[in-house]
S.K.: 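Next up is a structure, given as structure tokens.
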Amino acid sequence: QKEVEQNSGPLSVPEGAIASLNCTYSDRGSQSFFWYRQYSGKSPELIMSIYSNGDKEDGRFTAQLNKASQYVSLLIRDSQPSDSATYLCAVNGGLHQLIWGAGTKLIIKP
Amino acid sequence: SQTIHQWPATLVQPVGSPLSLECTVEGTSNPNLYWYRQAAGRGLQLLFYSVGIGQISSEVPQNLSASRPQDRQFILSSKKLLLSDSGFYLCASFRDAGANSPLHFGNGTRLTVT
């Protein structure tokens, strides 16, 4: 069975520090990887997508993909209280299928 | 750009009552549409998907059903709700037609079965 694993947290990070979120996946054939942010009571919103090994940067966010080790991570630099949310990792599992992690709750402390 | 509308935003229903949640999509044609459920503190569970009018695929056995009467309309239903049906229901579509496209979600419906 295809799985995506995330540490449920909560992960507590001081404001201004780097938050590091990790995700591992089981399907070696996966080609697409996504990070979503979900505020309490709201729907998930896409913040990063990554398709090839290495780093991809977008503002304060950096996604890192290592297909050989089957992990994908999200770094948030200069963390702000508004970054406090649950971060969901999703991996393409085939046609019509995204495999979802349970999410990591991130708390940024002022 | 694509917009997904869901209603109602919140719903409280007694056990045994029927359910109808509606999702409509603007800004695209012939989208693949998806119903997900998220239980409290849990990940997203795919319930149904549809690749076209009248075409429904179910991912999990349950007392819910889905229908797609129009190209941009997707409905989630139940004849008799169970307590375990409580959760956050999300309608989604892929942002574009590419194989690596991310999912885009509506605002969701919070269902509480009492």
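Only this structure's heavy atoms are used, side chains among them; waters, hydrogens and symmetry mates stay out. Throughout, a chain's letter reflects where its sequence line sits, starting with A, and its residues are numbered from 1.
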S.K.: Do any of residues 56-64 of chain A have a heavy atom less than 4.5 Å from a heavy atom of chain B, and if so, which, in residue order?
M.R.: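 None at all.
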S.K.: Between Trp100(A) and Tyr87(A), is the gap from one ring center to the other below 6.0 Å?
M.R.: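 They do not qualify: ring centres at least 6.0 Å apart.
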S.K.: Which one of His5(B), Gln6(B), Gln73(B) satisfies the side-chain hydrogen bond (donor to acceptor under 3.5 Å, both in side chains) criterion with Glu22(B)?
M.R.: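 Considering His5(B), Gln6(B), Gln73(B), a side-chain hydrogen bond (donor to acceptor under 3.5 Å, both in side chains) with Glu22(B) is found only for Gln73(B).
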S.K.: Apart from Leu82(B) itself, which Ile, Leu, Val, Met, Phe, Trp or Tyr residues share its cluster (side-chain heavy atoms under 4.5 Å, direct or through members)?
M.R.: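 Grouped by the 4.5 Å side-chain rule, Leu82(B) forms a cluster of one, so the answer is none.
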S.K.: Could you tell me which residues in residues 1-31 of chain A have at least one non-hydrogen atom under 4.5 Å from a non-hydrogen atom of chain B, sorted by residue number?
M.R.: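 Listed by number, the contacting residues are Gln31(A).
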S.K.: Do any N or O atoms from the side chain of Asp71(B) and from the backbone of Asn30(B) form a donor-acceptor pair under 3.5 angstrom?
M.R.: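 Such a contact is found between Asp71(B) side chain and Asn30(B) backbone.
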S.K.: Does any backbone or side-chain atom of Leu90(B) lie under 4.5 Å from a heavy atom of chain A? Answer side chain, backbone, both or neither.
M.R.: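 Leu90(B) touches chain A through side-chain heavy atoms alone.
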S.K.: Any side-chain heavy-atom pair from Ile56(B) and Tyr49(B) closer than 4.5 angstrom?
M.R.: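 Ile56(B) vs Tyr49(B): side chains apart.
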S.K.: Can you tell me which of Ala9(B), Ser57(B), Pro102(B), Gly43(B) forms the most heavy-atom pairs within a distance under 4.5 Å of chain A?
M.R.: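 Answer, by heavy-atom pair count under 4.5 Å with chain A: Pro102(B).
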S.K.: Between the side chain of Ser58(B) and the main-chain N/O of Val60(B), is any donor-acceptor distance below 3.5 Å?
M.R.: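 Answer holds: yes.
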S.K.: Donor-acceptor check, side chain of Thr86(A) to backbone of Gly103(A), threshold 3.5 angstrom: yes or no?
M.R.: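 No; judged by distance alone, with no hydrogens or angles, the pair does not exist.
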S.K.: Which atoms form the tightest heavy-atom contact between Asn53(A) and Lys67(A), and what is the distance?
M.R.: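 Looking at all heavy atoms of both residues, the shortest contact is OD1-N, 2.7 Å.
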S.K.: Ignoring hydrogens and geometry, is there a side-chain-to-backbone donor-acceptor pair from Ser84(A) to Ile108(A) under 3.5 Å?
M.R.: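 Looks like yes, one N/O pair under 3.5 Å.
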S.K.: Verify, without hydrogens or angle tests, whether Ser50(B) (side chain) and Leu33(B) (backbone) share a donor-acceptor contact under 3.5 angstrom.
M.R.: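 No, because the side chain of Ser50(B) does not come within donor-acceptor range (under 3.5 Å) of the backbone of Leu33(B).
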S.K.: If I compare all heavy atoms of Leu64(B) with all of Leu19(B), which pair ends up nearest, and what's the gap?
M.R.: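 Scanning both residues, the minimum pair turns out to be CD2-CD2, 4.3 Å.
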S.K.: Below 4.5 Å from any heavy atom of chain A, which atoms of Gln38(B) appear? Answer side chain, backbone, both or neither.
M.R.: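 The answer is the side chain of Gln38(B).
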S.K.: I want to check something: taking the side chain as every heavy atom from C-beta on, are Leu46(B) and Tyr34(B) in contact at a cut-off of under 4.5 Å?
M.R.: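 Leu46(B) vs Tyr34(B): side chains touch.
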S.K.: Residue by residue, which of residues 35-50 of chain A have a heavy atom closer than 4.5 Å to a heavy atom belonging to chain B?
M.R.: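 Listed by number: Tyr36(A), Gln38(A), Gly41(A), Lys42(A), Ser43(A), Pro44(A), Leu46(A).
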S.K.: Which atom pair, heavy atoms only, marks the closest approach of Leu21(B) to Pro8(B)?
M.R.: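 Closest approach of Leu21(B) to Pro8(B), heavy atoms only: CD2-CD, 4.0 Å.
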S.K.: Quick check: does any side chain N or O of Asn63(B) sit under 3.5 Å from a backbone N or O of Lys79(B), one acting as donor and the other as acceptor?
M.R.: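 Side chain of Asn63(B) to backbone of Lys79(B), a donor-acceptor pair under 3.5 Å: no, none is there.
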